Each structure stands twice: as structure tokens, then as C-alpha cells.
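Written below as C-alpha cells is the structure these notes are about.
Read the numbers this way: they start at 1 and go in the same order the structure lists the ligands and their atoms. Keep in mind that this is a model prediction, so the values were computed, not measured.
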Amino acid sequence: MRKFEDVKIQVMEIQKLVRPNIKALAPYSSARDEFKGEAQAWLDANENSLGTVSGGEWNRYPDPYQLAVKEDLAKIKGVVPQQIFIGNGSDEAIDLLFRIFCQPGSDKVVSFTPTYGMYKVSAAINDAEMIEIPLTSEFQLPDFNSIKDKVEHCKLLFICSPNNPTANLIKAELIESYLLNFQGIVVLDEAYIDFASDASFASRLQEYPNLVILQTFSKAWGLAALRLGIALASPEIITYLNKVKPPYNINAYSQQKALEALQNVKALNETIAFLNGLREELNSQLSELALVKKIYPSDANFILIQVDDPNALYEYLTELGIVVRNRHSVVAGTLRITVGSDLENELLIDALKKYRP
Ligand SMILES: *Cc1c(COP(=O)(O)O)cnc(C)c1O
């Protein structure tokens, strides 16, 4: 296994990337930070001691660090709880990374286009310049040496694998070369990794002090409504995320439901296998249609297709109540289609068969 020593950027240098005001920050100390354990009388947090007006037991503040969830999640991910941060969706983790590492108005970050739009929005909110570098024609990362000069002094570098909206995995060797050579934080968004044929980089966190992996409960776990994003990283980086986050960022209901989901790994694996089967079926049905000019290879739960007139086709499907994502403005000629249920996929294919431009 590769050691921390081989990576250009060392743990000590991670500290140097952090904004000085964040390094100096004395975080808010909540009631649950100051006393943990059992008590006879909970009189420290100004909650309603009688209960909840509508029934149920929601009158107590939730665990600010979601330790029960992290313990079970850690076992599944092969990490320790200290390497896990849970956010109110992945978007919260993305925003916090900007706030920790990027001085508004001066620091820069990098992404590879086309990709997930949230990185750029979060950069704009935090007044960090986003340097956008095109992926290759195969939607792979360019060779690190060819972009080295452009990314010098950048604080964060976003890699999305499998990438949204192109659906392909980024080659592991390329990701490794970026982790070894980029002198900032590499944020590897693995929102769709559960559907992919490559393994997660989670098992390799020990090798890379500058790696932050984003995962989510929103896709394979089927819990998008709960808003639960995951960041996996070195304990040093997780400590900063905890320092900057709102004290009770994950509500009690979400924590409870996440814990329940974590007891159902077998069902998770079955659902992944089933959805991947539906993807292959949808893929072969789409490939038989003349109007589909190209199907991009997918390692996710969606398929990007190219057609002659994506705007017209989008309108046609929408009128039939079939909503896909028009990605024409991002990748010319394309629509992004989520793998649906059997019934949804059938509705889509039937509609496409009847389409007369
Ligand atoms: C869906 C998705 C996420 C997950 O976002 P949540 O806020 O956790 O729901 C993250 N990254 C990418 C690229 C996505 O497509």
C-alpha cells in the first residue's frame, strides 16, 4: 500500500490550506457538547420538558455528531467513525469545504466539465473562482501534467465519478495521479459509486491525506427526502467540517431512518442489482430505436442519450407526463434519463416508439 509520504501534500500542509479564521475559530458549544451521558433531569437546552404538542417524541435536540449512525456506517464503509461527516445533503458538505478552505474573493477551485452543476453554484456563493477544464472526448480526466499549471495554488479540485451527467467512471489511475500530484484537496464525488463496476476510493483514504470522498443516502439507499450526504476523509479534515457545521445539522428523524436503513444492507445490494438490471434492459431497448443516435456507457442509475432534436423530444415526452432531463446545453444533443421502475421504463420506451418528429 502507498504511504502518506509518497503524496506531494502532507497532513501538516492540509493545515496550511485552511483559512486562518477557520483555524482560529472557537466553535459554538451546544448543550449536548457540554454534557453527554445519562441524566435524571435534562434542564440544559431549553427544550419543552413536557413533550411534543402533536404527540410523538421530538422535543429533544438530536445528537449533534450522529454517532450511532456513524458507527454502523463506518462498518459498512470500512472506515472509522472519525473519518465520517454527515451533512444535510452532499450540498452541505460541498459548501462547508468552500468555507473551510477558500478565502472569498481570492481562492480558486477546479472542476472538469461537463459535470454536476452544484460545484460551480457553491463556488459562486462563496466567491471562489471556478476554473473549468474540459474532460477529454471520452469524458476522462486529462493527463495531470497537461493541466498542472492551470491548477497551481487552487484549493479544491472536484472529480465526479461516475460523472453526472455523462454517467461514466473516471479511470482509477487518473484519479490516483491527481491525488498524488495536486497540492490541494481532491473532492471525489461518488454519489453513484454503488451502481458502478469500480470500487469506491473509501478503502484508500489512509493513502491520501488530501482526499475527501462524497457519498450520499439519496441515490442507491433511496432516501433522497431525508437529505443525508456523507463525506469520508482524514480525521483532521472531518474535525474542521464538524467545527464549521451548524450544531444540529441532521435532524432526529433522519438519523433514526438512516439507522434503520443501515440494518438493511442486503436489501440495498438487491436494489442495486435490480436497478442495474433495469439499466441494461433500458439500454438495449434504447439501442433498438432509430431516433437514439448514441448511448453513452453508464456506471450509474441513469443513461445519457444523444438524439437529433433533444428540445423537441423533451417537449414531446413532457406533454405525455414523462419527465427526463434535457442536457442539451451541457452536452450537445443529449437527454439524461434516470433508470425508472419497470412501468416507467415501459412508458418511456412506448412513447419513444410512437414519436414522429
Ligand atoms: C445526486 C447527486 C449528489 C447527491 O446530492 P444530495 O445533496 O446528497 O442529495 C451528489 N453529487 C452528484 C454528482 C449527484 O448527482
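Although no hydrogens or angles enter the test, the distance criterion places no donor-acceptor pair under 3.5 Å between the side chain of Glu57 and the main chain of Gly51.
Under the 30°/60° scheme for interplanar angles, the aromatic rings of Trp42 and Phe35 are found to stand perpendicular. Note on ring orientation: taking the six-membered ring where Trp is involved, the planes of Phe158 and Phe98 are parallel (angle under 30°, cut-offs 30° and 60°). Under the 30°/60° scheme for interplanar angles, the aromatic rings of Tyr316 and Tyr355 are found to be tilted.
With Phe217 as the aromatic partner, Lys257 does not meet the cation-pi criteria of under 6.0 angstrom to the ring centre and within 45 degrees of the ring axis.
Here atom 10 (C) of ligand 1 lies nearest to Asp189 when heavy atoms of Asp189, Asn163, Thr216 are compared. When the heavy-atom distances from atom 9 (O) of ligand 1 to Gly229, Gly89, Ser218, Ala191 are ranked, the shortest goes to Ser218.
Among protein heavy atoms, atom 15 (O) of ligand 1 sits closest to Tyr192 OH, 2.7 Å. For atom 3 (C) of ligand 1, the nearest protein heavy atom (residue, atom name, distance) is Lys219 NZ, 3.3 Å. For atom 5 (O) of ligand 1, the closest non-hydrogen atom on the protein side is Ser90 OG, 3.6 Å.
With hydrogens and angles left out, the side-chain atoms of Gln103 and Lys155 include no donor and acceptor closer than 3.5 Å. Side-chain N/O atoms of Ser254 and Asn251 include a donor and acceptor closer than 3.5 Å.
Proximity to Asp91 (heavy-atom distance under 4.0 Å) selects the following atoms of ligand 1: 7 (O). Shown in contact with Arg227 at under 4.0 Å from a heavy atom are these atoms of ligand 1, numbered in order with element: 6 (P), 7 (O), 9 (O).
Close N/O approach between Asn164 and ligand 1 is found [any backbone or side-chain N/O within under 3.5 Å].
By the 4.0 Å heavy-atom criterion, Cys160 is counted among the residues contacting ligand 1.
Of the heavy atoms in Phe217, none comes closer than 4.0 Å to ligand 1.
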